[in-house]
Amino acid sequence: MKRIAVLSVHTSPLEQPGTGDAGGMNVYIVQTATRMAALGVDVEIFTRATSSGLPPVVEMAPGIKVRHVVAGPFEGLGKEELPGQLCAFTAGVLRAEARHEPGYYDAIHSHYWLSGQVGWLARERWGVPLVHTAHTLAKVKNAALADGDTPEPRMRVIGEEQVVEEADRLVANTDVEAVELVGLYDAAPEKVLTIPPGVDLETFTPGDRTAARASLDLRPDQVVLAFVGRIQPLKAPDVLLRAAAELLARDPSLRSRLVVLVVGGPSGTGLEEPRALQRLADELGITDVVRFLLPLAGGDLAEVYRAADVVAVPSYNESFGLVALEAQACGTPVVAASVGGLPVAVRHGFSGFLVDGHDPAEWARALAHVALDPELRARLAGNAVGHARGFSWERTTDTLLAAYSDARKAFQREVHR
Ligand code: UDP
């Protein structure tokens with residue numbers, strides 16, 4: 001393998017994750033590209049230009065280029081409008097490749113269905129295999145919608161079905177997702193590979209909780225619950241707020257010690273979501289305990305994880321949940337919804353707890369169980385670090401590279417038949 005084309009139509013690896021359309025997928029692309037480049041494989045990431053000021057090509061790091069493709073107006077185009085720009089985007093990708101010698105890319109890796117549509121055509125034109133990662137699946141998402149969330153349109157379902165049919169390999173984060181691809185999307189089982197994502201074990205390390213708290217103006221005696229991620233109904237940060245209100249109703253003496261940190265920015269169609277969350281805090285009478293922080297990067301985010309007694313991941317759907325792994329790598333137990341990949345990311349009763357459903361009383365019980373029992377918390381925290389260390393981006397990258405090679409061999413056999 002010498003060069004991979006990575007397609008990331010709707011979000012750029014140069015964006016800060018935790019707000020807008022940037023989240024775990026961006027982290028996945030950056031982390032695996034970094035490790036591929038270190039192994040001598042060049043990575044070129046195609047993404048849509050969202051500002052006229054962006055240069056056509058940015059060298060993100062040695063061996064990693066980000067190519068900005070002009071497709072539609074730079075600003076003001078929502079993700080839901082991007083299907084109309086896929087032809088323009090594909091043309092940009094094909095033109096960029098046409099400036100090189102034939103066989104410039106060895107494989108294509110597309111992320112999310114919009115990129116899969118582009119990859120499908122590039123595969124045909126270049127004669128190289130398409131490896132696709134869905135990140136989320138519309139049929140799965142629609143089966144577990146949050147209240148007030150809009151269902152994913154039929155157009156996306158059809159688009160996903162087409163990509164599943166056309167891709168040479170489908171990468172699932174967990175076995176559950178692999179089963180969904182086969183069962184709900186009729187994917188050929190031999191094309192589906194489970195490759196768990198990783199966690200950056202250099203950034204997310206256990207550390208001094210008191211020092212982490214001091215950096216956030218928090219006291220050692222406070223009970224700190226944290227939510228980290230894009231603020232949208234699917235992620236259900238409201239469940240944490242409702243659970244906090246429930247805890248205070250049960251034990252008013254906690255009020256002087258309880259802190260709920262909500263870290264992240266608005267995302268998706270619910271751009272007013274953080275304000276809605278602030279209103280909810282107000283309605284619940286807990287504005288004094290809730291603190292909203294803008295999206296944080298690297299070391300600053302690690303400090304939030306270390307400062308927290310427990311990190312809550314109450315999502316309605318989560319194809320994996322990198323936040324859960326990152327928190328555990330920092331030595332913080334996680335209470336997560338028992339959905340999607342979270343039962344893999346969190347080991348129930350060992351590194352945290354899984355909660356069925358989104359009943360605030362249940363969540364309050366689980367959060368209090370961990371946060372208010374120092375002995376249990378310490379045991380879970382120790383286990384959490386070990387559990388998180390079972391995942392690494394190096395392993396994810398090695399397995400992906402093997403999948404590309406394997407897909408290439410199969411593709412060539414197919415062509416020569
Ligand atoms: N993230 C971040 N800063 C923030 C909030 C989130 O860098 O303020 C990152 C977080 O570290 C994680 C990613 O965004 O790697 C979110 O990934 P996850 O799989 O939890 O959710 P997704 O965004 O993919 O739905």
Side-chain angles (χ1 to χ4, degrees), residues 8 10-34 79 111-112 133-138 140-141 144 146 149 152 171-174 177 195-205 216 226-237 240 261-268 270 273-274 277 291-308 311-330 332 334-337 339-346 352 388 391-393 396:
S8 178
H10 77 282
T11 174
S12 166
L14 300 173
E15 278 163 32
Q16 167 63 50
T19 188
D21 286 328
M25 178 179 132
N26 306 61
V27 172
Y28 190 110
I29 291 174
V30 170
Q31 292 290 338
T32 54
T34 304
K79 188 173 162 194
H111 294 269
Y112 195 67
T133 306
H135 292 278
T136 66
L137 293 165
V140 176
K141 192 174 166 192
D149 215 350
E152 290 297 317
V171 176
N173 280 327
T174 62
E177 194 185 341
I195 305 181
V199 55
D200 177 354
L201 294 169
E202 276 166 27
T203 303
F204 301 110
T205 56
L216 289 156
F227 168 93
V228 173
R230 294 179 284 154
I231 312 291
Q232 51 172 228
L234 179 82
K235 296 272 175 190
L240 175 59
L261 296 179
V262 177
V263 185
S267 172
E273 194 62 27
L277 218 50
R291 273 173 56 180
F292 292 92
L293 302 180
L294 291 173
L296 296 170
D300 292 336
L301 185 57
E303 289 290 64
V304 168
Y305 291 135
R306 289 181 198 123
V311 167
V313 185
S315 315
Y316 284 89
N317 176 38
E318 200 68 71
S319 102
F320 192 80
L322 294 182
V323 159
L325 269 194
E326 293 164 2
Q328 291 170 93
C330 289
T332 301
V334 174
V335 172
V339 296
L342 287 169
V344 177
V346 179
F391 297 81
S392 81
W393 287 119
T396 308

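For ligands, and for the atoms within them, numbers begin at 1 and follow the listed sequence. Numbers here are sequence positions counted from 1.
In terms of heavy atoms, Thr203 sits closest to Gly299 at CG2-N, 4.0 Å.
Counting the atoms of ligand 1 from 1 in the order shown, those under 4.0 Å from a heavy atom of Gly321 are 19 (O), 20 (O). Within ligand 1, the atoms closer than 4.0 Å to a non-hydrogen atom of Val228 are 5 (C), 6 (C), numbered from 1 in the order shown. Near Val27, meaning under 4.0 Å from one of its heavy atoms, ligand 1 places the atoms 15 (O). Of all the atoms in ligand 1, the ones that sit under 4.0 Å from a non-hydrogen atom of Glu318 are 21 (O), 25 (O).
Across Pro17, Pro295, Gly24, Ala22, heavy-atom proximity to atom 17 (O) of ligand 1 is greatest for Gly24.
Judged by distance alone, with hydrogens and angles left aside, the side-chain atoms of Ser319 form no donor-acceptor pair with the main-chain N or O of Thr136 at under 3.5 Å. Using modelled atom types, one side-chain atom of Thr396 and one backbone atom of Pro196 make a donor-acceptor pair closer than 3.5 Å. Under the 3.5 Å distance criterion, the side-chain polar atoms of Gln16 are matched with a main-chain donor or acceptor of Leu296. Between the Asn26 side chain and the Leu14 main chain, no donor and acceptor come within less than 3.5 Å of each other.
Taking distance alone, with nitrogen or oxygen atoms compared against 3.5 Å, Val323 approaches ligand 1 more closely than that limit. Below 3.5 Å of separation, one finds no N or O of Gly229 facing any N or O of ligand 1. For ligand 1, the polar-atom distance check against Val263 finds no nitrogen or oxygen pair separated by under 3.5 Å.
Regarding atom 6 (C) of ligand 1, its nearest protein heavy-atom neighbour is Gly18 CA, 3.5 Å. Nearest protein heavy-atom neighbour of atom 8 (O) of ligand 1: Leu296 N, 2.8 Å. Atom 25 (O) of ligand 1 has Lys235 NZ, 2.6 Å as its closest protein atom, hydrogens excluded (heavy atom only). Protein heavy atom nearest atom 11 (O) of ligand 1, with residue, atom name and distance: Glu326 OE1, 2.6 Å.
Under 4.0 Å from ligand 1, heavy atoms of Leu322 appear from its side chain as well as its backbone. Looking at Asn26 against ligand 1, nothing comes within 4.0 Å, counting heavy atoms. Residue His135 does not touch ligand 1, judged by heavy-atom distances below 4.0 Å.
Within the 4.0 Å heavy-atom cutoff, Ala297 does not count among the residues contacting ligand 1. Ligand 1 is approached by Gln16 to a heavy-atom distance shorter than 4.0 Å.
At least one side-chain heavy atom of Trp393 sits under 4.5 Å from a side-chain heavy atom of Val27. Under the 4.5 Å side-chain criterion, counting only non-hydrogen atoms from C-beta, Pro233 is not in contact with Tyr316. At least one side-chain heavy atom of Phe320 sits under 4.5 Å from a side-chain heavy atom of Thr174. Within the 4.5 Å cutoff, side-chain heavy atoms of Tyr28 are placed close to those of Asn173.
Note: Thr32 OG1 to His111 NE2 = 5.5 Å, rounded to the nearest 0.5 Å.
Between Tyr305 and Phe204, the ring-plane angle classifies as perpendicular under the 30° and 60° cut-offs.
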